Amino acid sequence: MTRLAPSAINGRTEKGSLFADLDGVRRRHAAILAPNWRGRALTAVIAAALAGLFLWGLVVLEFSWLRIWNGLDQLGSFVKLMWPPQYGTEEKLRSYLWAMAETLSIAFLGTLLAAIIALPLSLVAARNVMTSRMIQFLARRSFDTIRGVDTLIWALIWINVVGLGPFAGILAIMTSDLAVFGKLFSEAIENADNKPVEGVKSTGGTHAHAVRYGIMPQVTPVLISQVLYFFESNTRSATIIGIVGAGGIGLHLAEQIRILEWQHVAFLVLLILAAVAIIDVISTRLRFAIIGKRAT
Amino acid sequence: MEGSLLRPSMVTISTERVAMHQAHYRATQRAKRAQTLLGFVVLVLLVVVAARVGEVDLGKLSRNIWRFPAYIVEIMPTLRWRSFGADLVEWYWGLGYWLRKLGETLLIAYVGTILGLAGGFSICFLAARNVTPAAWVLFVTRRYLEFCRTVPELVFALIFVIAFGLGPVPGVLAIAIHTTGALGKQFYEVIENIDMNPIDGVKATGATWIETMRFAALPQVVSIFASYALLRFEINVRGAAIMGFVGAGGIGQDLLEAVRKFYYSDVSAMLLLIVATVMIIDMATERLRHYLIGLEQRS
């Protein structure tokens, strides 16, 4: 503050300066310019608590400078060994590409099935469609429960049903996305404008008519856009689902990391990055085509 | 329909004009249907190809689908009304250990979120188009953030487990890197939407870039940042729960072991603990976020 305060020079004010009457300004706006000690103290206490928990966490989780230093050293040597990325034999390349195709299939079918099943369920969970509060509440809570269990855990459960392989992955993505879509769809439906519904009802339409012709046309583009967005993020989830044996490129990736074939690891990571980027571009294009430029 | 029921002035619409409009309507409708049909055919083709690649076997599914409810039933504990207390104790025989592991999971998520928050926060001002110091800085930081969030955190965890050894340390670092990428992106998108007038104002006083960010940009975004960080913490709790699958700490390792070794009632006990914890954190962060958004709107 000293830099800005010519008033420190007692009595002698600079002519025409913005700060000529700084003392006067301070006097007149004391309430605004007074430091907010309570607010500052609160901020300091919260920051100290967060930092304390953080430091305690570092100790409990066995962080140490030595460990970090050695780890970074190792990591550095891994990165050096990754260059140049390689896939080894032609045969290996073919199996990697096939696994990538499996990953994309898992993401695509998992997302699609989840969306198809979630649509009727989301109608049940939407306040303006489902007239029974009880059923609506139950639907919401079951979505929350399913969402609380991670995709990888669903994959483990589905492996018990259909065995190892990508089919279990499809079902796992389907199950966990079902709940996410159910929640998102029902929120979109609840946010729909009520005027078309009243319009349909005023012509003598039933509740079912109102939902079909009053609500669905409004929300369909939003729902499709959400599904496309999730297709992209599911491509990412589908890359790791192979770690537990549910198909896709994750199995190869985990294996190559375990046997320390760093050039192959680098190749697989680049393959994943490229695939996700391509899916990202396609789904963004499709979203724009379906919902028009206005909504991003 | 038309004519007699409507106002007299509209009776003058000739039948030819009506026919013309109807023809136009049908043509538009037909074109739209053709487009929908084409999209549908493409979709079906993709589904067929993906089903082949994904080894979808509906026969196997229908033959074995009973195992799904059977599994759910199997992991359910035996709770009898007469010996409810004892059964409950038997079900949660490892409660102390599991709670410790759950605490570790939460701590992994917390420390990872704080580290990622620090990373994302320190980079986001450089990666925002409207306040970045130079174009090349923008390019480099954006590519870095993209890399951080596109590589799945479990892949980082797999690599870090080998570099840093088994335990929570690689889990924390994997979550931190992913959080840096995710929060960094959300943060710079927020900054790109701020009001630029305060920036110009502070700059006009001769402030440096850092001072400008501190006094003109930060006050506009800090509560939104906090809200995003809370949301990310909730996501990271879910992520930390499965870090143990690759040996990176938390309750995941015990869960995986219980599933693999068919310790059925343990699976349900741990799953229930995880789901309950995630739900509680979900609700708590949501309430906090609404409070923060309220602050934002009041100011």
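As the structure is a prediction and not an experimental result, all values here were calculated from the model. Computed over heavy atoms, backbone and side chain alike; hydrogens, waters and symmetry mates excluded. Quick note on labels: first sequence line is chain A, next is B, and so on, each numbered from 1.
Looking at B:I274, the atoms closer than 4.5 Å to chain A (heavy atoms on both sides) all sit in the side chain, from C-beta outward. If you measure heavy-atom distances from B:I65 to chain A, the contacts under 4.5 Å come from both the backbone and the side chain. Contacts between B:A51 and chain A at a heavy-atom distance below 4.5 Å involve backbone atoms as well as side-chain atoms. Interface remark: A:V60 contributes side-chain atoms only to the contact with chain B (heavy atom separation under 4.5 Å). At a 4.5 Å heavy-atom cutoff, B:R63 makes no contact with chain A through either its backbone or its side chain.
Chosen from A:V269, A:D150, A:L253, the residue pairing most often with chain B at heavy-atom distances under 4.5 Å is A:D150. With chain B as the partner, the residue from A:A51, A:P166, A:G148, A:S77 showing the most heavy-atom pairs under 4.5 Å is A:P166. If you tally non-hydrogen atom pairs under 4.5 Å between each of B:L271, B:V275, B:V111 and chain A, the highest count goes to B:V111. Among A:I272, A:V149, A:I106, A:N160, the residue making the largest number of heavy-atom pairs under 4.5 Å with chain B is A:N160.
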Exercise for review: Quick one: do A:L109 and B:V47 satisfy side-chain contact (heavy atoms from CB on, under 4.5 Å)? Show the steps, please.
Suggested key: CA-CA 7 Å; A:L109 282 183; B:V47 167; 3.9 Å; yes
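In this structure, B:M279 and A:T145 have side chains that are in contact, with non-hydrogen atoms separated by less than 4.5 Å. Within the 4.5 Å cutoff, the side chain of A:I243 has no heavy atoms near those of the B:F245 side chain.
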